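Contents: one structure, followed by commentary.
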Amino acid sequence: GAGVSQSPSNKVTEKGKDVELRCDPISGHTALYWYRQSLGQGLEFLIYFQGNSAPDKSGLPSDRFSAERTGGSVSTLTIQRTQQEDSAVYLCASSLMAGPTDTQYFGPGTRLTVL
Amino acid sequence: AQRVTQPEKLLSVFKGAPVELKCNYSYSGSPELFWYVQYSRQRLQLLLRHISRESIKGFTADLNKGETSFHLKKPFAQEEDSAMYYCALLAYSGAGSYQLTFGKGTKLSVIP
């Protein structure tokens with residue numbers, strides 16, 4: 001079946017604007033994760049969803065970042081008043097469940113550039 | 001808090017030579033460790049996980065709890081092994097979920 005998809009693949013925005021990034025997980029996967037990959041850095045965990053709820057928001061870097069998931073499927077990550085340091089590749093992953101044996105499958109990412 | 005360290009940003013080896021990508025971790029609980037790989041212009045994908053004790057594409061990795069290491073090894077490197085490799089640790093986050101913590105990655109370049 002289809003893998004995790006993300007849109008847009010690239011987003012260029014001006015500092016101060018809001019952006020929305022979208023993730024479509026693999027059908028039937030209940031767990032969904034957002035990560036950020038900044039230049040020269042590893043992947044940084046942002047937020048995790050189990051169904052539509054987000055029990056772990058510990059990785060969100062500031063209150064400008066928020067995420068939601070509806071219908072247990074699509075998720076959007078919103079960054080308000082973007083800053084240049086928000087420039088990164090944002091990766092989404094999904095897994096069947098959220099347990100230790102559930103493999104996370106990654107999307108292709110959205111490359112965000114804040115000018 | 002958990003931590004994953006990959007000391008080498010870049011590793012270059014000749015085709016046919018052995019490869020070892022180093023990974024060390026810090027975690028107070030029982031670790032679940034993974035290697036992910038990202039080939040050029042492809043998405044990040046799971047290469048192997050320690051609980052499976054499997055060999056994928058000729059790669060193996062053994063968890064050494066005494067040395068807190070999970071190094072990735074392959075006896076004979078191939079050109080198609082050139083990629084970015086990430087070591088990751090799955091830890092219980094205390095919020096009902098397991099969180100993957102990644103190292104910063106090692107870029108493997110196999111020289112023909």
Side-chain angles (χ1 to χ4, degrees), chain A residues 2-7 9-10 23-26 29-60 67 69 88-111, chain B residues 1-10 21-27 29-54 56 63 83-107:
Chain A
V4 178
S5 61
Q6 292 184 246
S7 61
S9 55
N10 278 285
C23 172
D24 279 274
I26 293 172
H29 279 194
T30 64
L32 186 146
Y33 306 80
W34 283 98
Y35 296 87
R36 177 169 73 172
Q37 187 174 28
S38 305
L39 189 63
Q41 302 295 317
L43 280 82
E44 173 191 10
F45 170 81
L46 297 178
I47 189 170
Y48 147 75
F49 285 92
Q50 178 61 46
N52 291 335
S53 64
D56 190 352
K57 302 180 182 179
S58 62
L60 294 177
R69 189 180 185 195
V89 176
Y90 290 81
L91 291 173
C92 174
S94 71
S95 62
L96 190 61
M97 298 291 286
T101 60
D102 293 292
T103 299
Q104 293 186 25
Y105 296 88
F106 283 80
T110 293
R111 182 175 297 277
Chain B
Q2 61 272 13
R3 187 177 185 137
V4 176
T5 304
Q6 293 180 250
E8 303 139 328
K9 280 189 178 180
L10 175 65
L21 298 166
K22 291 185 168 52
C23 172
N24 288 88
Y25 67 91
S26 171
Y27 181 53
S30 183
E32 295 279 349
L33 286 146
F34 304 78
W35 278 98
Y36 278 81
V37 61
Q38 190 168 26
Y39 300 102
S40 180
R41 298 188 187 87
Q42 294 187 28
R43 63 185 65 190
L44 194 65
Q45 58 185 286
L46 179 67
L47 179 63
L48 57 80
R49 54 196 307 165
H50 94 269
I51 59 171
S52 301
R53 305 184 70 81
E54 58 199 343
I56 302 294
L63 176 60
M84 196 75 182
Y85 291 80
Y86 295 94
C87 183
L89 168 71
L90 190 70
Y92 183 64
S93 70
S97 77
Y98 289 82
Q99 183 184 128
L100 271 178
T101 298
F102 286 85
K104 293 188 177 181
T106 298
K107 184 174 181 179

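Just so you know, these numbers come straight off a predicted model, no measurement behind them. The basis for the numbers below is simple: all heavy atoms, side chains too, and nothing from hydrogens, waters or symmetry mates. Lettering of chains follows the sequences in order, A, B, ..., and the numbering in each one begins at 1.
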**Study point:** Heavy-atom contact with chain B under 4.5 Å, split by part of Gln104(A)
**Key:** both
Practice item. Please state whether the side chain, the backbone, both or neither of Tyr105(A) comes within less than 4.5 Å of a heavy atom of chain B. Key: neither
Practice item. Report, as yes or no, whether the 6.0 Å neighbourhood of atom CG on Leu39(A) holds more than 12 heavy atoms from other residues, nucleotides or ligands. Key: no
Side chain, backbone, both or neither: which part of [X] has a non-hydrogen atom closer than 4.5 Å to chain A?
X: Leu44(B); result: both
X: Arg41(B); result: neither
X: Gln45(B); result: neither

**Study point:** Among Gln99(B), Lys9(B), Gln6(B), Glu32(B), residue most engaged with chain A (heavy-atom pairs, under 4.5 Å)
**Key:** Gln99(B)
Exercise for review: Indicate yes or no for a side-chain donor-acceptor contact from Arg43(B) to the backbone of Gly3(A) under 3.5 Å, with no hydrogens or angles considered.
Suggested key: no
**Study point:** From Glu44(A) atom CD to Lys104(B) atom NZ, the distance as rounded to the nearest 0.5 Å
**Key:** 10.5 Å
Check your understanding: CZ/Phe106(A) to CD/Gln42(B) distance, rounded to the nearest 0.5 angstrom?
Key -> 15.0 Å
Revision key, fill the gap. Minimal heavy-atom distance between Phe45(A) and Leu100(B), with the atoms involved, is CB-O, 4.3 Å
